[in-house]
Trainee: 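Below you'll find the structure I mean.
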Amino acid sequence: MPIFRIERDGDVAFLVFDTPNAPVNTLSRAAREEFAQVLPTLADDASVTAVVLISGKADNFIAGADIEEFGSLRTAEEAGALSRSGQEFLRWVEEFPKPFVVAIHGSCLGGGCETALCATWRIATDHPKTVIGLPETMLGVLPGAGGSVRLPRLIGLRAALDIILAGKSERAAKALKLGLIDEMVHPAILRQAAAAAARRLVKEGKPSRAPNPPGLVAAILDRTTLGRKLVASMARKQVLKKTQGNYPAQLRAIEVALIGLDQGREAGFAAESKAFGELAVTDVSRKLVGLFFADTAMKKDDPAPGAKAAEVRRLGVIGAGFMGAGIAGTAVTQGWVEARMKDADLKSVGRGIKAATGIVDGRLKRKRITRSEATRLTALVSGTVDYSGFKSCELVIEAVFEDLDVKRKVLRELEQAAGPHTIFATNTSTIPITQIGAEAARPGNVIGMHFFSPVEKMPLLEVIPTDRTSPETIASAVAFGRRMGKKVVVCKDRPGFWVNRILLPYLSEAGRMVGEGTPIDQLDRVMLKVGFPVGPMALMDEVGLVVGQKAAKVMHEAFGARLEPSPLLASMLADQRQGRKNGRGFYHYHEGHKTGVDDSVYDLLGVRPAPRDPKEIEQRCLYAMLNEAAMAYGEGVVKNARDGDLASIFGIGFPPFRGGPLRLMDDLGLANVVQTLEQLAAKHGPRFTPAESLVRMAKEGKSFYPA
Ligand code: T1G
């Protein structure tokens with residue numbers, strides 16, 4: 001089956017890109033080869049005055065290069081050659097002898113965006129699914145088919161780096177404002193508008209584009225060598241602050257963009273393919289590409305084969321606090337579902353509704369939705385102080401105080417108020433669901449849905465069934481989580497589930513080290529350098545020391561001395577320190593913003609801070625997490641290593657370039673991990689005793705991922 005077909009509209013030829021048996025179009029080797037045959041025929045066909053490239057897919061224009069092909073790249077030269085072939089391929093489009101219009105509907109990413117950059121005219125639909133961008137740095141590479149050179153020339157260095165360094169994609173309205181596209185239309189008239197544009201170009205010739213962006217500042221910063229040098233050095237500083245130097249692609253992208261602007265296109269293309277080649281074979285890129293495929297595969301996992309998921313039209317949320325309102329607001333904006341919140345008094349309900357509709361307003365402000373959409377979404381949020389309206393809820397998520405008795409009472413009340421099929425999902429972060437559902441009248445409808453804070457931003461959802469949860473309830477919870485735009489991992493009902501299970505020993509060890517006089521800021525700096533987005537001490541302040549103490553208590557009761565919390569938390573709480581919440585934690589806070597370390601913590605703990613060997617900080621904190629991950633994996637908390645690693649990355653920002661804790665242990669070698677743990681145990685205590693399952697796997701020469 002051909003990948004391209006030609007449909008004529010009089011003298012305009014529509015080149016329809018429609019890869020057979022694939023949900024998206026990619027610039028695969030086969031597509032490039034077929035394109036190379038089709039294009040010359042269109043060029044030579046005198047009856048064709050212009051060409052419009054359009055996709056035959058529902059929600060995708062072109063998803064870029066075929067990432068599968070990256071796997072077979074062995075050397076930087078090979079990868080560089082792939083980039084050069086992409087550059088050559090798109091030069092044909094840029095130098096096509098007739099107007100070449102791209103009509104974009106759906107995702108237009110990577111090589112897809114680079115193809116558009118070579119067109120004479122770019123039209124895109126104003127549909128939410130239409131996004132245009134260059135996500136390559138998220139794969140550890142940079143745009144390698146000319147995008148690193150052409151985008152800065154089209155929209156200016158600053159705007160181009162904003163997209164390339166963050167791997168961003170923009171909706172049509174923003175793309176039009178940036179000058180990334182020339183025209184935005186309703187999907188229904190995309191073809192007509194494209195044909196009309198093509199005919200206008202035949203008549204009027206190539207459009208002359210004014211320097212973009214306009215204005216004096218741009219003239220200095222984007223269009224002078226000195227200005228660009230300044231922009232590049234600021235961008236480098238921001239990248240290093242954010243990545244701690246762990247992601248080389250962003251730094252190379254700045255370098256190449258500058259060469260393309262200062263030394264000309266050809267020098268830019270040469271630098272681009274060289275950088276692409278060197279980056280594509282790095283371990284960082286291999287890991288990030290691996291995560292892309294792991295993530296897309298996990299999206300399709302069927303948690304309960306054969307079971308039918310209930311379609312949730314009305315969601316109930318019990319507890320309109322920070323988490324409850326986040327769940328309601330995210331469900332409404334992502335799932336377009338009715339959300340009814342319940343809390344003890346009208347004041348709390350009112351606060352919850354305000355917070356939930358605040359999430360809708362946020363999307364309106366960021367132009368992610370229109371005003372009329374915002375009005376319709378806001379109308380989906382309601383509240384009550386009793387269970388009125390809960391009978392018709394297919395799913396109710398409980399987000400009340402982290403206390404077993406309180407949660408059991410809520411379950412009892414709901415089972416009386418709701419329908420026989422209503423699913424009761426608890427958002428507990430550590431308490432075993434089996435304990436919460438122990439007295440349930442309908443245990444098959446009880447499940448855990450553990451969201452992360454803030455709900456509208458954190459991508460992960462842990463779904464935790466008990467042994468008595470029905471397959472339909474599991475299927476419904478997972479489906480609803482995905483509808484909320486979450487990456488869903490199904491975990492076994494063990495205390496702390498996966499993420500908190502591996503996080504708490506890590507935080508506890510960090511606390512212990514501060515209790516021994518390790519400077520708070522040094523400890524956090526070291527773990528940022530390791531690749532975590534936030535240091536453990538700042539994270540404890542962020543999560544809240546009260547919540548931390550509760551979770552640590554549940555884990556201590558469940559796992560005994562090994563997870564005995566460091567006494568530090570109790571001392572902090574006794575001194576009325578709750579973290580960022582009350583502005584008193586390990587750090588000072590000004591209007592909620594972290595300022596500097598609160599040195600009075602050291603007096604409170606009776607220690608004098610003294611710098612510690614960074615290697616020891618890294619090893620003690622990281623190996624506390626790795627060992628727990630091995631233990632939880634051995635207990636079957638996650639069904640495979642992929643889920644454990646993705647949950648760690650999406651849940652607590654475990655450094656993606658390391659692939660996750662299980663992948664990291666495979667890279668380190670399990671025998672080496674065991675040895676290091678034994679050394680730590682000998683020096684710091686039995687809490688570092690390597691997990692039995694880890695020792696066994698190391699002995700048997702096994703790894704978490706098949707070799
Ligand atoms: N290459 C190979 N396979 C791809 C692919 C790609 N670029 N994009 C998607 N797939 C597969 C995916 O694995 C899944 O497969 C199926 O398509 C559906 O995807 C030269 C070097 C486009 C927004 O980074 O972000 O261009 O599991 O489940 O949720 O400079 O896929 O069915 O077998 O994700 O609707 C840059 C990656 C490449 C975009 C659609 N492009 N893709 O999301 O479907 S590098 C990207 C996405 C590049 C140039 C460089 C998303 C999507 P399977 P899906 P979706």
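Count residues from 1 along the sequence. Source: prediction; values computed, not measured. Remember, it's 1-based here, ligands and their atoms both numbered in the order they're listed.
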Trainee: Can you check atom 7 (N) of ligand 1: any protein non-hydrogen atom closer than 4.0 Å?
Mentor: yes

Trainee: Salt bridge or not between D162 and K168? Use side-chain N to carboxylate O under 4.0 Å.
Mentor: yes

Trainee: Between the side chains of S85 and E88, is a donor N or O closer than 3.5 angstrom to an acceptor N or O?
Mentor: no

Trainee: Below 4.0 angstrom from a heavy atom of G111, which ligand 1 atoms are there? Numbered from 1 as shown, please.
Mentor: 26 (O), 48 (C), 49 (C)

Trainee: I'd like to know whether NZ of K229 has more than 12 heavy-atom contacts from other residues, nucleotides or ligands below 6.0 angstrom.
Mentor: no

Trainee: If I apply the N/O under 3.5 Å rule, does E136 come out as touching ligand 1?
Mentor: yes

Trainee: Can you find a protein heavy atom closer to atom 15 (O) of ligand 1 than 4.0 Å?
Mentor: no

Trainee: Using protein heavy atoms only, decide if any is under 4.0 Å from atom 51 (C) of ligand 1.
Mentor: no

Trainee: Nearest 0.5 Å, please: how far is CD in E34 from OG in S28?
Mentor: 9.0 Å

Trainee: Report the part of D66 (side chain from C-beta onward, or backbone N, CA, C, O) that has a heavy atom under 4.0 Å from ligand 1; answer both or neither where that applies.
Mentor: both

Trainee: Could you check whether R228 pairs with D222 (Lys NZ or Arg NE/NH1/NH2 to Asp/Glu carboxylate O, under 4.0 Å)?
Mentor: no

Trainee: Can you tell me the protein heavy atom closest to atom 47 (C) of ligand 1 and the distance?
Mentor: F292 CE1, 3.9 Å

Trainee: Heavy-atom pairs closer than 4.0 Å: do any link ligand 1 to the side chain of A65, the backbone, both, or neither?
Mentor: both

Trainee: For F276, take its heavy atoms, then give the atoms of ligand 1 lying under 4.0 Å from any of them.
Mentor: 21 (C)

Trainee: Do other residues, nucleotides or ligands put more than 12 heavy atoms under 6.0 Å from the NZ atom of K300?
Mentor: yes

Trainee: State, with a plain yes or no, whether a side-chain heavy atom of P655 is found less than 4.5 Å away from one of N246.
Mentor: no

Trainee: Kindly indicate whether the side chain of F61, heavy atoms from C-beta on, has any atom under 4.5 Å from the side chain of N25.
Mentor: no

Trainee: At under 4.0 Å between heavy atoms, is it the side chain or the backbone of L134 that contacts ligand 1, or both, or neither?
Mentor: neither

Trainee: If we only count N/O pairs under 3.5 Å, is K300 in contact with ligand 1?
Mentor: yes

Trainee: Is NZ or CZ of R663 both nearer than 6.0 Å to the six-membered ring centre of Y705 and within 45° of the ring axis?
Mentor: yes

Trainee: Any non-hydrogen protein atom below 4.0 Å of atom 34 (O) of ligand 1?
Mentor: yes

Trainee: If you apply the rule side-chain hydrogen bond (donor to acceptor under 3.5 Å, both in side chains), what do you find for W121 with E183, and how did you get there?
Mentor: CA-CA 8 Å; W121 193 254; E183 202 176 334; 2.7 Å; yes

Trainee: Which residue supplies the protein heavy atom nearest to atom 5 (C) of ligand 1, what is that atom called, and how far is it?
Mentor: T26 CG2, 3.9 Å

Trainee: Counting each atom of ligand 1 from 1 as listed, which ones have a heavy atom of F70 under 4.0 Å away?
Mentor: 21 (C), 45 (S)

Trainee: Can you check whether E68 has an N/O within less than 3.5 Å of an N/O in ligand 1?
Mentor: no

Trainee: Please confirm whether N60 comes within less than 3.5 Å of ligand 1 when only nitrogen or oxygen atoms on both sides are compared.
Mentor: no

Trainee: Would you compute the distance between atom CG of L461 and atom NE2 of H450 and round it to the nearest 0.5 angstrom?
Mentor: 9.0 Å

Trainee: If you count every heavy atom of other residues, nucleotides or ligands that lies below 6.0 Å from K98 atom NZ, does the total exceed 12?
Mentor: yes

Trainee: Pull out every atom of ligand 1 sitting under 4.0 Å from any heavy atom of L139, numbered as shown with elements.
Mentor: 24 (O), 38 (C), 45 (S)

Trainee: Going by heavy-atom distance to atom 20 (C) of ligand 1, choose the closest among M298, E114, K129, E272.
Mentor: E114

Trainee: What residue and heavy atom of the protein are closest to atom 13 (O) of ligand 1, and at what distance?
Mentor: T296 OG1, 3.6 Å

Trainee: Is I67 in polar range of ligand 1, meaning some N or O pair under 3.5 Å apart?
Mentor: yes

Trainee: Among all the protein's non-hydrogen atoms, which is closest to atom 54 (P) of ligand 1, and how far away is it?
Mentor: K299 NZ, 3.7 Å

Trainee: Is the NZ or CZ atom of R191 positioned over F14's six-membered ring, under 6.0 angstrom from the centre and within 45° of the axis?
Mentor: yes

Trainee: Salt bridge between R313 and E311, side-chain N to carboxylate O under 4.0 Å?
Mentor: yes

Trainee: What protein heavy atom is closest to atom 25 (O) of ligand 1, reported as residue, atom name and distance in Å?
Mentor: L109 CD1, 3.8 Å

Trainee: Number the atoms of ligand 1 from 1 as they appear, then name those within less than 4.0 Å of a heavy atom of P143, with their elements.
Mentor: 30 (O)

Trainee: Touching ligand 1 at all, G86? Heavy atoms, strictly under 4.0 Å?
Mentor: no

Trainee: Any idea which heavy atoms bring V281 and L73 closest together, and the distance?
Mentor: CG1-O, 4.1 Å

Trainee: Looking at atom 24 (O) of ligand 1, what's its closest protein heavy atom, distance included?
Mentor: P135 CG, 3.4 Å

Trainee: Could you work out, for atom 41 (N) of ligand 1, the closest of G110, P23, G64, A63 by heavy-atom distance?
Mentor: A63

Trainee: Which protein heavy atom lies closest to atom 11 (C) of ligand 1, and at what distance to 0.1 Å?
Mentor: V24 CG2, 4.3 Å

Trainee: Out of the candidates D643, D301, D295, only one should pair with K487 under the salt bridge (Lys or Arg N to Asp or Glu O under 4.0 Å) rule; please name it.
Mentor: D295

Trainee: Is A297 in polar range of ligand 1, meaning some N or O pair under 3.5 Å apart?
Mentor: no

